[in-house]
Each structure stands twice: as C-alpha cells, then as structure tokens.
Peer 1: 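Take a look at the following structure, please.
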Amino acid sequence: MSFADLNAVFPFIVFFSAVLAVLIKLNTFSAVIVPTVNAPTDKVSSRSKSQLIFCVITFVMALLLTAFGIDDEFSYTWFIAATGSATLLLSNVVTSYHKAIVSSEQAPKSHVIWLSLCSILLVFLYLLNNVNNADDTHFISYIVGLLQHPDAPLFSIDTIYNENLPNHIFALNLGQSWEFIIAALSYFSGIDHLTWYYTIAPCILVIFVPWVTYSFVRHFAPQQALLGTLLSLTFLLLWSTHNHMHGFFFIPRFFQGKALLLMLYAPLTCLMVLLWCRTNSRRYLIATGLAMVACGGVSSTGFYIAGLVAGISLLAFSQWSIKVLLKNLALLALVSLPNLVMLVVVKTAIAKVNSYSPVSTLANVEENLALSSTLSTVLPMQPAERPITSMYWLFGDNYSLFIILSIVFVAILASYSSQTKERQLSLRWLSLIIILCFSHPLASFLGNTIGPGNLIWRFHWAAPLSLVIALSSALIIQNSTAILRFFVPNSPLLARHAKTLPYPVLFSIFAAFIVLNGGYALQRYSSSFILHKVPSEAMRAAKEAVRVTSESDTIVAQDIVAQMLPMLPRDAKLIASRPLYWSQPYFSSKETKLRERLQTLTDSLNSLTDEQLMLYQSSLKLAGITVIVAESLPPKIIESLSLKPLAQLDAWGIYRVIG
C-alpha cells in the first residue's frame, strides 16, 4: 500500500482501536488481582537459612567482582549470581495457585496526586532536555519519504540521498509503524512532522510511564509502590548519561521508538502478562498480544524483545505445572504470531539487501577516485570502536552496574525471607531477570551467531529496568523486618528499627548515584524549552539549503548539516550523510569510497592546502556538486573554489559552485 492509500483507512483504524479499547475494559491503572479462594499456605519451614546464607555469599562475591571491575565480560560473575538466584528460585516452588479475578480499585488519592505530579515533571524535564541524536537522520527520513512520495509503496524510496534508490536502511526497521503514525498525524493535522515527532507525541506518552510502573509494582507491594516508582524514575533520570541502556532511552531520547519500547511498551507487556497469567482472562491474553505488537510497532527490536519480556514474565507468573506452562506458552506463541512473522520478513529483507548489487550513480568515478587519492593527507575518520563485549561499558561503568545489582540482590533475599502471598511471584520474576536478562555470555553468543553486534546490548533491554528497580526498592522497604528477623530473630534493637532501616540505606544508594552522575545529568538540560531536539543552527542552515536548491542540485554539506538534510523534504541530491549508511549497499564500493573522501574533505575545508583546494575543486566538478554547506569560509577559499555565497545563517554559509 502507498501512504495515500493507508491514509484513506487510517481514521477507521483509529476508530476500531478506540472501540476495541472500550470493549476489552482493561482497567489498566486500577486493576487489582483478587483471589477467589484462600491461597495455599506458604509456611516458614519452606525457607532454608542455609540456602539463604549460600545465596548471600554468591551475591556478595558477584558484587565484589563488579565493584573492582575484575570481570568486564561478566561471564563468571553472572554465573555466580545466577547460581545464587537459581538456588532460591528452585527451592521455593509452589505448584498450585489459587484462582483470581481482576477487580477495579482506584489507587489512594495521595498516590494519584504524586503520580500526576511526576508525569507533569517528566513532561517539563523532557521539554528542557537538550540532547539530540544522529539516529534521527534515518528515523525521520522514513517520515519524510512518506510525505514526499505519498503514492509510492510505504517506505520504499530512500530520501537520504534523493536518488530514487531502494530504501535499504529501512530493511533493518521493517515493521515499524511509529514513523507512519507520525507522518499520518502530520498529514491530517497540518502540523509539521518535526513538531509531532519531537514535541507532541513524546509529551503525551511520557505521562504514562509512572502509571505503568506503579500499576505493575502495586500488585506486589501496594503500600510501597509509589515510593518504588519515584525511586526508579529518579534512578533512570540520573543514569541518563550512558548511551546504550535504559537510562539514555528515557528522558534524553524519549522521542525515538526505542525509548518507547524500553520505558512504556515492554513494561506494559509485563503488566498484561501478569494479569493474564493470574486470572486466565482472555481479554488480558488479547491485551498481551496487542502490547507485543506495539513493541514491534515502535521499534523492530521489539519483535524479539517483546517475546523475551513476555516469556520471562509468563515463567514467573504462571502456575508451575507442566500442563499449565505448556498451555500458556502455546497461547503466548499464538498471540506472538504477528511478531514472529515480521521477524522472518525482516530477516528476509536484510538478506535481500545484503545480496543487492549496486551500480555507480556518479559519472567519472574512476577519474574522480584517482584524483581524490592524491589527497591522502586527509582520510575519512574511522568511527571509534565500541567495547561491546564489556558489560560495564554497556551499563555505563562497573559502579552503576554494582548499584543496580545490589538493589536487585537485596530484593531477592527480602522476598525469600518474607511471608507475603506475592512472595513467590516477585522472587521468580526477579530471579529469572538475573538468570536470563543479565546473561552477558548468552547475549554475546547470540550477537556473534544470529545477529549484528548491537544485539549484545539490545538483548539486555529485555530486563525492563524501570519495573525491576521500582519493584526491588518497594520489596526492600516492605520486607525489611522479615529479612532482619530471619537472620537475627531475637534482637529487640533491630526489631525496633527494622521498618526504618531500609529508607536511609536506599537513599544512601541514590545519593551515591547522584554523586556519580548528577553533574553529567544536569548538563543535559537547558534553561528554556527545546521543542525540536536537533542542533538548532545546523537545522536552520539545512532548511535554508533546502529552500535555495532544486532537483537539479547536488549538495555536499559538512557533517552536522549533512545529518539534518535527510530530516527535511527536499528536491536536491545529497553526496553523504552519516557514516552509518556507507555500510549499506547503496553504491558500488568505489563510489562509496569516493563519497567518503568528498565528505571528509568538505569537513576539513578550512585546513586544506592550496594544492589540495585545487584538487578538491576538480573533484567537485567531476562529482557534479553544485552546492556546498559549510561553516563560514574565508574569502580566499571562496575565490579558490569559485563559489558564490547564497546565504549566511549563524556560523553556516551556503555556497553555489560556479567554476
């Protein structure tokens, strides 16, 4: 279908979705699981002090290794931690579950007020955030492609280079509908796509993050759910300085579909699986399937992350009998079919891209490349290698990982020591998160065998850390008395202070985190609202370049403006944008090399020698470049390259090649 065809039915899709939401009646934020019969007694005798001490030893060993940064590949550290988690998990099996139904019960008014204030604060923090990200060069180019070519099949035409090439980069994101939704909203409302993408949609959706987190934790620790939620979101805000895990995909990058996956739809999937497994209600089974589809809709990574998240939650919340587990796994596979089908489609599309044989689109490639090779003193910058095998690098550093593990380990021990009816479920879920989601050896194996390198850190996205940290904090506070009495049953002093002890401990942990990250986190905020998360001067230069060029033009722009141009509907061609796209088979290897060199020379214009400028001018002619966008050039270079200034915006100049 084309964008125009799908726009014709889009209002009906919205209407159907609204009707479906009303009919299912999920009561997501007020749902409370109510047992219809008494739960089986979970006696104190089922808890073994020797097993608990063994697990304390394993957890302490894992934490010491992490604190000293000894095992950065997290292989034997994970094995030790997983051994302790599995010991508690398997020693505490209850195979029979009481039946339950869902009742609607509003949260306490004080909780509602705090959650509402938290949502408002998150909107303000998002608007004040000054972070931008180069990934939007291709994400927003998908939106531009739909708006610019409404009659072409969806996402079929590349608008990065504007040369009517197949949209190879989208093969990596096939199945995403987030960009289509933004384009459709822009089309129907008349509001430009950047405002929808960067301002309206994120501000609406970030409101729900505290509520989903709270709703999940409420089923395990209703009195402490609010404090757990607030601590978790504070943690993630402070953790936002690290690029590849959940913190950076919260407020800094909430405009991207990956952030919606990690902070909203994956947690929502956990909540729906919990409600389904506890009640066996078909409406929550359907909701689980819809949440999983939404995970894939906002990010193609969600096709497999949603399956991991739902599978772990199913194992944690289902009755542990072979019959029930097999039945629930079969039902989960059934509602996962759309995602499973799309995984196959994506894999097939990527294979087609890899087998694509590009041809040169620029004339005189050989002559141009020979000329460029004489400029060997200016070589393309190679991207810095990312130490993806290091678990510490993925989580920011070993101190951040130490703090996360400390909170989760103590919560597991507290759950084991308690006698609450939710003890089994919380213990299972947190233990399975440690055993599966923190398995860096498994992530490395999958990344090296079935996926690209970035699968290593994306595998760890299956741990919904907003829920993990919130639940862990709430359980520590709720069960502090139980764990202290378990170890020291006859101490009146500890008994007197057991309920208040976890508060200073948790706040001390978060104070340490503020010391580690607070200064960096503050640098990400401005004193005024930033509606479009882009480098403002570079975007203004890009918009002006679009205005003064036509279909007959070919642009070469310095790096930051080259990243902005694909985010705008334009007629002119573009020589290069992000280095990421050079790995895609848009052009022959020789032409790709030529474009790399042209881009590198343009980025270094002010440092070229007179001889290099002459050779560069010849290269511009051979490549058919008509417009250069660069930081303001001195008159000497303008004259040497035979350029005519077209516009000057801030530090940027736009020049037409006339020689």
Peer 1: Could you check whether Phe438 and Phe395 have their ring centres less than 6.0 Å apart?
Peer 2: yes

Peer 1: Do the side chains of Phe59 and Thr83 get nearer than 4.5 Å, heavy atoms only?
Peer 2: no

Peer 1: Under the 3.5 angstrom rule, does the side chain of Gln176 hit a backbone N or O of Ser300 as a donor-acceptor pair?
Peer 2: yes

Peer 1: Distance check, rounded to the nearest 0.5 Å: Leu262 atom CG versus Ile305 atom CD1?
Peer 2: 7.5 Å

Peer 1: Taking the side chain from Ser439 and the backbone from Leu436, do they hold a donor-acceptor pair closer than 3.5 Å?
Peer 2: no

Peer 1: In terms of the angle between their ring planes, are Phe317 and Trp429 parallel, tilted or perpendicular, with boundaries placed at 30° and 60°?
Peer 2: parallel

Peer 1: What is the ring orientation for Trp239 with His246, classed by angle as parallel under 30°, tilted 30 to 60°, or perpendicular over 60°?
Peer 2: parallel

Peer 1: Is the backbone N or O of Tyr126 less than 3.5 Å from a side-chain atom of Lys533, with the two atoms forming a donor-acceptor pair by type?
Peer 2: yes

Peer 1: In sequence, state the C-alpha distance, the side-chain angles, and the governing distance for Leu432 and Leu89, and then conclude on side chain to side chain contact (heavy atoms under 4.5 Å, CB included).
Peer 2: CA-CA 8 Å; Leu432 287 169; Leu89 179 68; 4.0 Å; yes

Peer 1: Would a distance-only check, ignoring hydrogens and angles, find a side-chain to backbone donor-acceptor pair under 3.5 Å from Ser336 to Asn339?
Peer 2: no

Peer 1: When you check the side-chain N and O atoms of Gln256 and Tyr197, is any donor under 3.5 Å from an acceptor?
Peer 2: no

Peer 1: Please step through side chain to side chain contact (heavy atoms under 4.5 Å, CB included) for the pair Phe74 and Thr66, ending with a clear verdict.
Peer 2: CA-CA 8 Å; Phe74 211 68; Thr66 304; 3.9 Å; yes

Peer 1: With rounding to the nearest 0.5 angstrom, report the NE2 to OG distance, His219 to Ser426.
Peer 2: 13.5 Å

Peer 1: Can a donor-acceptor pair be found, under 3.5 Å and without considering hydrogens, that links the side chain of Ser418 to the backbone of Ser415?
Peer 2: yes

Peer 1: In terms of side-chain heavy atoms, does Thr229 have a donor or acceptor partner in Thr213 at a distance below 3.5 Å?
Peer 2: no

Peer 1: Are the side chain of Trp461 and the backbone N or O of Lys258 linked by a donor-acceptor pair below 3.5 Å?
Peer 2: no

Peer 1: What I'd like to find out is whether the side chain of Pro210 reaches to under 4.5 Å of the side chain of Leu233, using heavy atoms alone.
Peer 2: yes

Peer 1: So does Tyr525 have more than 12 non-hydrogen atoms from other groups sitting under 6.0 Å from OH?
Peer 2: yes

Peer 1: Quick one: do Arg218 and Val32 satisfy side chain to side chain contact (heavy atoms under 4.5 Å, CB included)? Show the steps, please.
Peer 2: CA-CA 8 Å; Arg218 185 187 183 196; Val32 176; 3.9 Å; yes

Peer 1: Any non-hydrogen side-chain atom of Leu430 less than 4.5 Å from a side-chain atom of Ser472?
Peer 2: yes

Peer 1: Do His440 side-chain atoms and Thr389 backbone N/O form a donor-acceptor pair below 3.5 Å?
Peer 2: yes

Peer 1: Taking atom CG of Asn398 and atom CZ of Phe68, what is their separation to the nearest 0.5 Å?
Peer 2: 10.0 Å

Peer 1: Considering non-hydrogen atoms only, spot the tightest contact between Ile434 and Trp78 and give its length.
Peer 2: O-NE1, 3.3 Å

Peer 1: Taking side chain as C-beta onward, heavy atoms only, is Met263 less than 4.5 Å from Leu205?
Peer 2: no

Peer 1: How long is the gap from CG on Asp71 to CG on Leu65, to the nearest 0.5 Å?
Peer 2: 6.5 Å

Peer 1: Which heavy-atom pair separates Leu261 from Cys295 by the least distance, and what is that distance?
Peer 2: CD1-CB, 3.6 Å

Peer 1: Can you check whether His460 reaches Leu394 side chain to side chain, under 4.5 Å on heavy atoms?
Peer 2: yes

Peer 1: Should Leu172 and Ile169 count as side-chain neighbours, where that means a heavy-atom distance under 4.5 Å?
Peer 2: yes

Peer 1: Going by side chain to side chain donor-acceptor pair (under 3.5 Å), Arg253 matches just one of Asp136, Asn132, Asn133. Which one?
Peer 2: Asn133

Peer 1: Could you state the interatomic distance from CG (Leu425) to CG (Leu471), rounded to the nearest 0.5 Å?
Peer 2: 10.5 Å

Peer 1: For Leu413 and Cys55, which heavy atoms make the closest approach, and how far apart are they?
Peer 2: CD2-CB, 4.2 Å

Peer 1: Tell me whether Ser85 contacts the main-chain N or O of Ala81 through its side chain, where contact means a donor paired with an acceptor under 3.5 Å.
Peer 2: yes

Peer 1: Check whether Arg458 reaches the backbone of Thr301 with its side chain - one donor and one acceptor, N or O, closer than 3.5 Å.
Peer 2: no

Peer 1: Would the Trp178 and Tyr265 ring centres measure less than 6.0 Å apart?
Peer 2: no

Peer 1: Is it true that a side-chain atom of Asp397 and a backbone atom of Tyr392 form a donor plus acceptor pair closer than 3.5 Å?
Peer 2: no

Peer 1: Please report the interatomic distance CG(Leu63) to CG(Leu401), rounded to the nearest 0.5 Å.
Peer 2: 9.0 Å

Peer 1: How close do His111 and Ala107 get, counting heavy atoms only, and between which atoms?
Peer 2: CB-CB, 4.4 Å

Peer 1: For Trp114, does the CH2 atom have more than 12 heavy-atom neighbours from other residues, nucleotides or ligands under 6.0 Å away?
Peer 2: no

Peer 1: Do Ile403 and Phe235 make a side-chain contact, defined as non-hydrogen atoms from C-beta onward lying under 4.5 Å apart?
Peer 2: yes

Peer 1: Are the ring centres of Phe124 and Phe529 closer than 6.0 Å?
Peer 2: yes

Peer 1: Tell me the closest heavy-atom pair linking Leu231 and Ser473, and the distance in Å.
Peer 2: CD1-CB, 3.9 Å

Peer 1: Taking the side chain as every heavy atom from C-beta outward, state whether Leu237 and Phe250 have any atom pair closer than 4.5 Å.
Peer 2: yes

Peer 1: Return the minimal non-hydrogen interatomic distance between Ala462 and Pro464, and the atom names on each side.
Peer 2: O-CD, 3.0 Å

Peer 1: Side chain to side chain contact (heavy atoms under 4.5 Å, CB included) between Phe54 and Thr87: does it pass, once the steps are laid out?
Peer 2: CA-CA 9 Å; Phe54 170 76; Thr87 300; 3.5 Å; yes

Peer 1: Going by the rule side chain to side chain contact (heavy atoms under 4.5 Å, CB included), which residues pair with Val131 if we only count those two or more places apart in sequence or in a different chain?
Peer 2: Asn129, Phe248, Pro252, Arg524

Peer 1: Less than 4.0 angstrom from a charged side-chain N to a carboxylate O is my criterion; do Arg578 and Asp135 meet it?
Peer 2: yes

Peer 1: Going by atom types only, do Ser318 and Asn328 share a side-chain donor-acceptor pair under 3.5 Å?
Peer 2: yes

